[in-house]
Amino acid sequence: MKLLYKIGASLLALAGILTLCLLPLVSLHAAVPVLSYDLNVAPNLKQLLSGNLMETQNEQVNKILSDAKFSTVWENLGELRPAIIICAVSLCLAVLLMAALILLPFFTKKKTVTAALSGGGLLCALSASISFGFFASPIKDGSFDVLSLLGDGAQALSTVVNTISKFTGNLYQVSVLKPGIAITLFTVLFILILFWSVLFYVLEIMLDGGRQPKKQKQLTPAQRAAKKAKQDKKHK
């Protein structure tokens, strides 16, 4: 049973890491009809690291996106930065805890340690999802100008779009921006590891409670005589 517990907990943690690597991390749908720009992506980790997600058939948009610098984008995020930092730090901590849980069951007999780490990972994953929602909300409702992130390269475009939108309504919008299925399953796997650890901990207590107490070791006549002499000496 102990081996079953260790293998099960380790495989669940491994599934969590693979989930983040292979399944979509973010779900995004945005559109700028006036530029024939429609973006509908659900990238996994590999696609995010490749940096080619934002390419479109519109050369003007591609040029603006390629000219945008990370420092400019980060600076223009303004009040959204704290939520992004919390999301990134929470997700990194959750990944580290999940990675540790792959090997931890084989190095400790205490299931409470595994349960504690999985509980901590669950809190970190939930924190990442909640903070993601905090910075995604202003982008979706239009209170944050997405084009302002691109700096000078998109300043003229942003001005034109905002001017036209006064007469025709919003010409661009982000209709969907939420954590992908990978984050959801990642969180669920923390719950499963926690449940798995608590389940086997309870079973262990139940089995230990049902075991017969160990028989006392029988003493030799010489040992019994010495023990009796010691007890008589105490009573005197």
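Model, not experiment: these values are computed from the prediction.
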To the nearest 0.5 Å, how far apart are CZ in Phe190 and CG in Leu117? 9.0 Å

For a 4.5 angstrom cut-off between non-hydrogen side-chain atoms, does Ile193 reach Met98? yes

Establish whether Ile191 and Leu14 are linked, either directly or via other cluster members, by ILVMFWY side-chain heavy-atom contacts under 4.5 Å. yes

Just jot down the ring pair (Phe, Tyr, Trp, His ring centres under 6.0 Å) partners of Phe200, sequence neighbours excluded, or say none. Tyr5, Trp196

Only counting residues at least two apart or in another chain, list the ones meeting side chain to side chain donor-acceptor pair (under 3.5 Å) with Lys6. none

In terms of heavy-atom contacts, Ala128 and Cys87 come closest through O-SG, 3.4 Å

Does the side chain of Leu91 come within less than 4.5 Å of Ile183's, by heavy atoms? yes

Residues Leu25 and Ala182: closest non-hydrogen pair is CD2-CB, 3.9 Å

Spatial distance of atom CG (Leu189) from atom CG (Leu101) [nearest 0.5 Å]: 11.0 Å

If you look at every heavy atom in Ala115 and Leu194, which pair is closest and at what distance? O-CD1, 3.3 Å

With rounding to the nearest 0.5 Å, note down the distance linking CZ in Phe135 to OG in Ser131. 7.0 Å

Let's go through Val198 and Lys111 carefully: what are the C-alpha distance in whole Å and the side-chain angles of both, what is the deciding distance for side chain to side chain contact (heavy atoms under 4.5 Å, CB included) to 0.1 Å, and is it a yes or a no? CA-CA 7 Å; Val198 172; Lys111 298 175 179 61; over 6 Å; no

Looking only at heavy atoms, what is the nearest atom pair of Pro105 and Ala9, with distance? CG-CB, 3.7 Å

Would you kindly confirm whether Leu18 and Ile181 end up in one hydrophobic cluster when ILVMFWY residues are joined by side chain heavy atoms under 4.5 Å apart? no

Report yes or no: do Val89 and Leu96 belong to one cluster of Ile/Leu/Val/Met/Phe/Trp/Tyr joined by side chain heavy-atom distances under 4.5 Å? no

So among Val95, Leu93, Thr187, which one has a side-chain contact (heavy atoms from CB on, under 4.5 Å) with Cys124? Leu93

Take Ser10 and Leu103 through the side chain to side chain contact (heavy atoms under 4.5 Å, CB included) test and state the conclusion after the steps. CA-CA 6 Å; Ser10 181; Leu103 298 177; 5.8 Å; no

Within a 6.0 Å radius of atom NZ on Lys140, are there more than 12 heavy atoms belonging to other residues, nucleotides or ligands? yes

Could you measure the distance from the CG atom of Leu123 to the CD1 atom of Ile130? Nearest 0.5 Å is fine. 9.5 Å

To the nearest 0.5 Å, tell me how far Leu122 CG sits from Leu126 CG. 4.5 Å

Ile86 vs Phe134, side chain to side chain contact (heavy atoms under 4.5 Å, CB included): CA-CA, chis, key distance, verdict: CA-CA 10 Å; Ile86 293 174; Phe134 275 116; over 6 Å; no

Is any side-chain heavy atom of Leu177 closer than 4.5 Å to one of Val26? yes

Below 4.5 Å, heavy atoms only, C-beta onward: do Glu204 and Lys2 meet side chain to side chain? yes

Exercise: identify the closest heavy-atom pair between Gly16 and Phe186: O-CD1, 3.4 Å

Measure the CG-CD1 distance between Leu22 and Ile17 for me, rounded to the nearest 0.5 Å. 11.0 Å

